[in-house]
2 protein chains.
Amino acid sequence: MADSYHHGNLREALIDAGIKIINENGEENLSLRKVAAACGVSHAAPYAHFKDKEELIDAIKANVTDKFMEKLIEAVEGKPSADAAIIAMGRAYVTFFSKNPDYFIFLFGKQNITAHLKMSKEYKGDYPPFLLLRRMYLLHLEENGLEKTVEEQEIDLIKIWSIVHGMTSIACMKGVKSSFNWNDIDERLLT
Amino acid sequence: MADSYHHGNLREALIDAGIKIINENGEENLSLRKVAAACGVSHAAPYAHFKDKEELIDAIKANVTDKFMEKLIEAVEGKPSADAAIIAMGRAYVTFFSKNPDYFIFLFGKQNITAHLKMSKEYKGDYPPFLLLRRMYLLHLEENGLEKTVEEQEIDLIKIWSIVHGMTSIACMKGVKSSFNWNDIDERLLT
DNA sequence: TGTTTTAACTTGACAATGTAAAGATACCCG
DNA sequence: CGGGTATCTTTACATTGTCAAGTTAAAACA
């Protein structure tokens, strides 16, 4: 089926090839024509599956986010308390992107989190990682018998996300000398 | 001098034109040829001043950072305490980029903070905004008679920067519904 | 089964872009 | 004043995103 006129599963193949290219050569080397060539099809073939380059990139983004989400869920599973779960999420967050800095730049790079908000529509709800964090956070309030207004909750959530995200930013910087140890800070994550 | 063969001050003109284009149309619309056209010179003229596109962009970046730095210094000046200065810096940080979201994407977008570290070399030292923050932070320790190890200091600094930077990320998201109020959180900034 | 419709792909073309090479121009230093 | 050099232009080329028109094969239908 690989040598037939019809590729068979070009859409998935294009996404996979895109991820591979980003992984090996960074986002700046991603071009429609290269992705097409990597799949052994003509340069215009992707247009049968994606309106334009942006749509391909969005699809790749969604795919990478799924991988990210897997790690987060993995981190949360089987944790004894919400606090432990949240800390594990933070660790997983940093770890995931430290291992794949290209993914961080790719996901949060150009349009920062804007892209994710846009993606939320596909998920028909909030951005999944943030949703998971909120769930864990609410659980944390419950477990500790805390009561907070919605506004206070939003502030806490943004604060947590900000710290983790900001740290990841820094952790992803290549050539950073800092011997900063993520473990030193995690118990201070919860206000 | 504007109609002579030699432009006179093309380097600066290119940088200004670049900033203007980014401001009005975003970074994705920045092309060497457009910048050149905006200055009324041929499309290859920039190569007399910049090795390639990246070098032009780096120059623009340095220029925008200078503007950013001005605001930070402005915010710090005349504050009664280091604590007040740090909070003012945080406010200025968010305010500056909220007013010019394109600058945030431009500065921290593609390579995130990596670009800034690279720029540090030009400044022959640390990244100026971070340097200012460290100065204020050390002053804060002194004023409050606190003693911390260098490691603890680095953690605090990264934490502060992470919060502010992460919040700015979120603040810069277009179309974010959150009625999040920056003022609600600033007194909690200092550990 | 034979025909038609349609989705998936190819080919060819075009404009925009980054960049290199070679030439033109005018300013500066002797 | 004259040569040297930095600045700018012209021309050219490869890469890229995108479109339009044609081609193929698979699915739908009669």
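Proteins come first, then strands; the chains are lettered A, B, ... in the order of their sequence lines, and each starts at number 1.
Between the side chain of B:R11 and the base of D:dT7 there is no donor-acceptor pair of N/O atoms closer than 3.5 Å.
One interatomic measurement links the two molecules: CD of A:E55 to C1' of D:dT18, which rounds to 14 Å at whole-angstrom precision. When rounded to the nearest whole Å, the span between CZ of A:R33 and P of C:dG12 equals 13 Å. Atom P of nucleotide C:dA8 and atom CG of A:L14 are separated by 12 Å, given to the nearest angstrom. C:dA7 atom C1' lies 15 Å from atom CG of A:N9, rounded to whole Å. Taking atom CD1 of A:I21 as the reference point, atom P of D:dT16 lies 10 Å away to the nearest angstrom. In this entry the distance linking CG of B:L56 with P of C:dT17 reads 14 Å, nearest Å. Rounded to whole Å, the distance from CG on B:L32 to P on D:dT15 is 18 Å. Protein atom CG of B:L10 is 15 Å distant from nucleotide atom P of C:dC27, rounded to whole Å.
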Would you mind writing out the side-chain donor-acceptor pairs for residues 29-49 of chain A within the sub-3.5 Å range, not counting sequence neighbours?
residue: A:S31; atom: OG; partner: A:K34; partner atom: N; Å: 3.1

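By the neighbour-count criterion of 12 heavy atoms within 6.0 Å, atom NZ of A:K71 is sparsely surrounded, having that number or fewer from other residues, nucleotides or ligands.
Listed by chain and residue number, A:E54, A:E55 satisfy the side-chain contact (heavy atoms from CB on, under 4.5 Å) test with A:D52 (two or more places apart in sequence, or in another chain).
Counting heavy atoms from C-beta on, the side chains of B:F106 and B:I60 come closer than 4.5 Å. Under the 4.5 Å side-chain criterion, counting only non-hydrogen atoms from C-beta, A:L138 is not in contact with A:E142.
Taking the six-membered ring where tryptophan is involved, the planes of A:Y103 and A:F96 are essentially parallel, since the angle between them stays under 30° and well short of 60°.
Of all the residues in residues 40-53 of chain A, A:H43, A:A44, A:Y47, A:D52, A:K53 reach under 4.0 Å from DNA chain D with at least one non-hydrogen atom.
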